[in-house]
Each structure stands twice: as structure tokens, then as C-alpha cells.
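In what follows, every heavy atom counts, from backbone to side chain, and hydrogens, waters and symmetry copies are set aside.
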Amino acid sequence: MSECNIEAADPDNGTYFGMPCRPESAALVLVSAPWDATAPEGSSSSYAPDAMIEESMRMDLYDPLSPDEWRKGIATADIDYTIQEISQNLRQDVERLRAREEKGGGLMGGLTEDYYARKQRRIDEECRTMNDNIRSQVRGWIEKGKIAGLVGGDQSTVYGALRATAERANGLGLLHIDARCRMKSRHEGFEHSCASVIGDAAETIEGLGTIVHVGVRDFSATEHRMIRESERMTMFGCGSMAQMSFEGSTWQQVCDAVVAELPDAVYVDLDISALSPDNCPHSPEAEAGGLGFSQTVYLLDRIATSGRRIAGFALTGVSPASGGSIDAKIGARLLYRMCGIALRSQNNDTK
């Protein structure tokens with residue numbers, strides 16, 4: 001595999017970080033999923049890939065944690081903008097169904113039950129199609145020996161990527177870093193949504209093993225019970241992690257306790273809402289509390305330092321404001337560090 005020539009980088013070439021690498025010669029390929037059909041009102045995460053590409057072109061790319069890993073190649077797969085178009089077309093239907101639900105499920109404006117049922121079926125069908133699209137893209141790059149990183153879009157886009165990765169790494173562990181557990185079954189009536197994606201994955205993805213939730217601080221009693229009673233799930237909520245620190249644990253000890261729950265091969269699923277609101281001020285899912293940027297990067301670094309291998313990863317939930325925003329800046333910088341740490345982890349002996 002030829003090394004990426006950073007001297008040939010073009011800040012206007014339309015790739016993440018301006019990298020000149022073609023996917024065929026790169027070690028890591030970033031797949032974009034500009035989709036937010038079932039995200040909360042106010043989300044703009046379908047625009048996140050383009051916004052992060054733009055912000056990433058203005059970054060200095062030296063990272064002390066992974067100083068030379070970019071030389072292995074970080075490439076940008078062609079973005080399928082039909083995903084974004086379909087997502088935007090569905091938003092009106094999603095909001096109409098939500099409005100009906102808020103009014104107790106009654107008819108609105110003389111519209112029939114059949115009308116709502118058809119809208120519901122269309123949304124479910126398009127969500128399945130999106131999942132299959134992402135799964136196919138990610139699986140294709142994995143089969144060519146690449147690490148596949150996903151750039152969302154909302155959290156629901158992770159399902160297809162996670163499924164494709166688990167197909168090639170049986171017993172894959174999932175490190176789910178998020179403000180929410182994402183285990184609300186058929187939330188708002190949708191078969192697939194950003195509120196249910198982790199629960200769906202746990203139930204339906206063969207080869208997926210341990211699931212560790214980190215940073216969660218907004219979840220239902222049912223979700224908490226499901227995790228507590230599960231033999232394959234563990235939760236490190238923001239409250240419990242803070243308590244560990246308050247009682248004398250260093251952040252290294254907290255992170256190592258998280259990593260100890262994971263198997264040798266790990267998928268890192270990071271929604272930006274896991275971070276404190278100052279890192280994602282335009283996200284409709286931002287919550288009080290949360291992880292700092294440096295805390296998050298350190299946690300990811302401990303995975304590679306432990307000898308575990310990051311088999312794939314996703315960054316979702318970035319909601320850029322029009323005209324640029326801190327959200328896209330933070331997202332781009334977090335994405336670059338995820339790429340470097342994932343590449344570095346391939347040097348570990350685990351397969």
C-alpha cells in the first residue's frame with residue numbers, strides 16, 4: 001500500500017482533511033451518511049459530512065497521539081447524496097406523524113388512518129433502504145482490507161455500518177459513547193430510528209458481543225433496567241463516572257475500567273451529544289453534563305494503548321449551524337483523532 005503524500009494535499013479537493021488519497025490505496029476509508037430523517041426537530045446532521053469536510057480543510061494535521069498514522073492513507077468515499085435527498089423528503093412526513101402522536105393519535109385535517117399508515121410504511125421502508133446502502137458501502141471497503149469509518153448523519157445511520165463490521169469480526173464489542181442509550185423499542189412508531197438503533201443492533205446483529213454504554217445521562221427506567229439485567233451490557237453513565245472521580249479515581253482509572261469490559265476487537269460508536277453542550281451547542285440532543293473533548297480523546301487512546309483493535313468507528317449527531325459553527329469544528333477534529341487512533345490500533349496483535 002502506497003503512503004499518502006501530504007505534500008500533494010489540496011485544501012479544496014472536497015475530501016476530509018484535504019487528503020489526496022484514493023480509497024483504493026488508503027488504509028482507512030470514510031463513508032458518509034447524510035441522513036437525519038428521524039432525528040429530533042432542529043437537527044441538521046444530514047449536512048454534517050459536508051460541513052466537516054469544509055472545516056477539516058482548515059486544520060493543521062499533526063496529532064501527538066498518532067503523529068504519522070495519516071501516512072497510511074485516510075480516504076473519502078464518494079458521497080451518495082440520494083441519501084440526503086430522501087432524508088429531507090421524509091422529514092415532513094415524520095413531523096406530521098409526530099404531530100398526530102402528540103394529539104393522541106386522532107385524525108388531523110380530515111386525513112384518513114390509511115394515509116398515516118402509508119406514510120409510516122414509507123418511512124420504515126426508506127430507513128431500511130438507507131441501512132442496506134450503508135451496510136453495502138462499509139462491507140465493500142472491509143472486504144478490500146480497509147478500516148471503514150462512518151460519518152453521520154444521525155445515530156440511526158450506525159446500524160448498517162455496525163452490521164457490516166460485525167459480519168467480519170465475530171464477537172465484536174461495541175463501545176457506545178452517547179448522551180442516550182438508544183434502546184427505545186419502535187420509538188414514535190418508527191421501525192428504525194436514532195432512538196432505537198442500539199436496541200435494534202443488540203437484538204438483530206449476529207456477531208455483535210459486549211455493549212458498553214459510556215457518557216449516557218438521559219435514559220428511561222426501562223432502558224436502565226434492560227442494561228442492568230443484561231449479561232452483555234454495561235453502563236458507565238456520566239453520573240457514575242463522575243462519582244468514581246469524586247471518590248478518588250483518576251480519569252485513566254475510569255477509562256481503563258471502561259476498556260476492561262471490551263473484547264479484543266472493538267467498534268467505537270460516538271455520538272457528539274456524549275460531549276458537553278459547549279462542544280455541540282446546535283445539537284437538539286445536547287444535554288447538561290457530558291464529556292470534555294480531551295477526556296473523550298483520552299478514552300479512545302486507552303483502547304489502542306490496551307492492545308485492542310478498533311475494527312471500525314462512527315461519528316454521528318453533529319448539527320452544524322448555517323454559515324459554519326463550533327459543532328463542525330469540534331466534529332472534524334474529533335473525527336481526525338478517531339482516524340489516527342483507529343489506524344494506530346491496527347499495529348496491535350489482535351485480529
Side-chain angles (χ1 to χ4, degrees), residues 16 23-24 26-35 37-38 45 48-49 73-80 82-84 86-87 124-178 182 191-194 196-212 232 262-271 303 308-317 335 338-339 341-343 345-346 350-351:
Y16 291 101
E24 292 74 16
L28 187 152
V29 178
L30 293 172
V31 174
S32 304
W35 174 277
T38 61
S45 55
I74 301 171
T76 302
D78 291 338
I79 300 177
D80 184 353
T82 63
I83 294 175
Q84 186 180 61
I86 293 169
S87 174
D124 289 343
E125 289 170 1
E126 294 291 5
C127 286
R128 286 194 295 269
T129 299
M130 179 274 295
N131 286 331
D132 290 342
N133 182 318
I134 299 302
R135 179 188 180 191
S136 177
Q137 290 191 61
V138 170
R139 181 169 55 190
W141 293 118
I142 292 175
E143 289 175 348
K144 293 179 180 179
K146 317 295 182 183
I147 310 166
L150 179 73
V151 186
D154 69 33
Q155 178 67 199
S156 71
T157 59
V158 171
Y159 182 88
L162 182 56
R163 186 172 182 180
T165 309
E167 289 170 351
R168 296 298 295 268
N170 192 49
L172 180 71
L174 172 60
L175 178 60
H176 174 230
I177 310 172
D178 199 332
R182 312 284 180 183
E191 180 181 342
H192 297 287
S193 77
C194 56
S196 65
V197 60
I198 300 302
D200 294 342
E203 290 182 5
T204 63
I205 295 181
E206 294 185 12
L208 184 61
T210 302
I211 300 174
V212 181
R232 59 190 289 216
L262 295 167
D264 289 339
V266 181
Y267 192 94
V268 177
D269 171 26
L270 172 54
D271 189 89
I303 300 172
R308 289 165 173 80
R309 178 174 63 91
I310 297 176
F313 63 89
L315 175 62
T316 64
L335 179 64
M338 293 177 78
C339 290
I341 293 169
L343 285 166
S345 77
Q346 308 308 303
T350 56
K351 301 295 181 186

For the atom pair CZ (Phe313) and CG (Leu28), what is the distance rounded to the nearest 0.5 Å? 4.5 Å
Closest heavy-atom pair, Ala166 versus Ile205, reported as atoms and distance to 0.1 Å, is CB-CG2, 3.7 Å
As a quick check of understanding, evaluate side-chain contact (heavy atoms from CB on, under 4.5 Å) for Ile341 and Ile303, giving each step before the final call. CA-CA 9 Å; Ile341 293 169; Ile303 300 172; 5.7 Å; no
Taking all non-hydrogen atoms of both residues, which atom of Leu172 and which atom of Ala265 are closest, and how far apart? CD1-O, 3.7 Å
Backbone N/O of Thr204 and side chain of Arg163: donor-acceptor pair under 3.5 Å: no
In terms of heavy-atom contacts, Asn131 and Ser156 come closest through OD1-O, 3.6 Å
Backbone of Leu262 reached by a side-chain donor or acceptor of Thr210 within 3.5 Å: no
How close do Ile83 and Trp35 get, counting heavy atoms only, and between which atoms? O-CE3, 3.5 Å
Side-chain (Ser32) to main-chain (Ile79) donor-acceptor, under 3.5 angstrom: no
Does any N or O in the side chain of Ser87 come within less than 3.5 Å of the main-chain N or O of Ala37, such that one atom is a donor and the other an acceptor? yes
Has Arg182 got a side-chain atom pairing as donor or acceptor with Cys194's backbone, closer than 3.5 angstrom? yes
Give a yes or no answer on whether the side chain of Ser136 reaches the backbone of Asn133 with a donor-acceptor pair at less than 3.5 Å. no
Identify the heavy atoms of Glu191 and Ser196 that sit nearest to each other, and give their distance. O-OG, 4.2 Å
Rounded to the nearest 0.5 Å, what's the gap from CG on Leu174 to CG on Asp269? Could you check? 5.5 Å
Between the CD atom in Glu167 and the CD1 atom in Ile142, the distance rounded to the nearest 0.5 Å is 8.0 Å
Lys144 (side chain) donor-acceptor with Glu24 (main chain) under 3.5 angstrom: no
Give the minimum heavy-atom separation between Gly152 and Pro49, together with the two atoms involved. O-CD, 3.6 Å
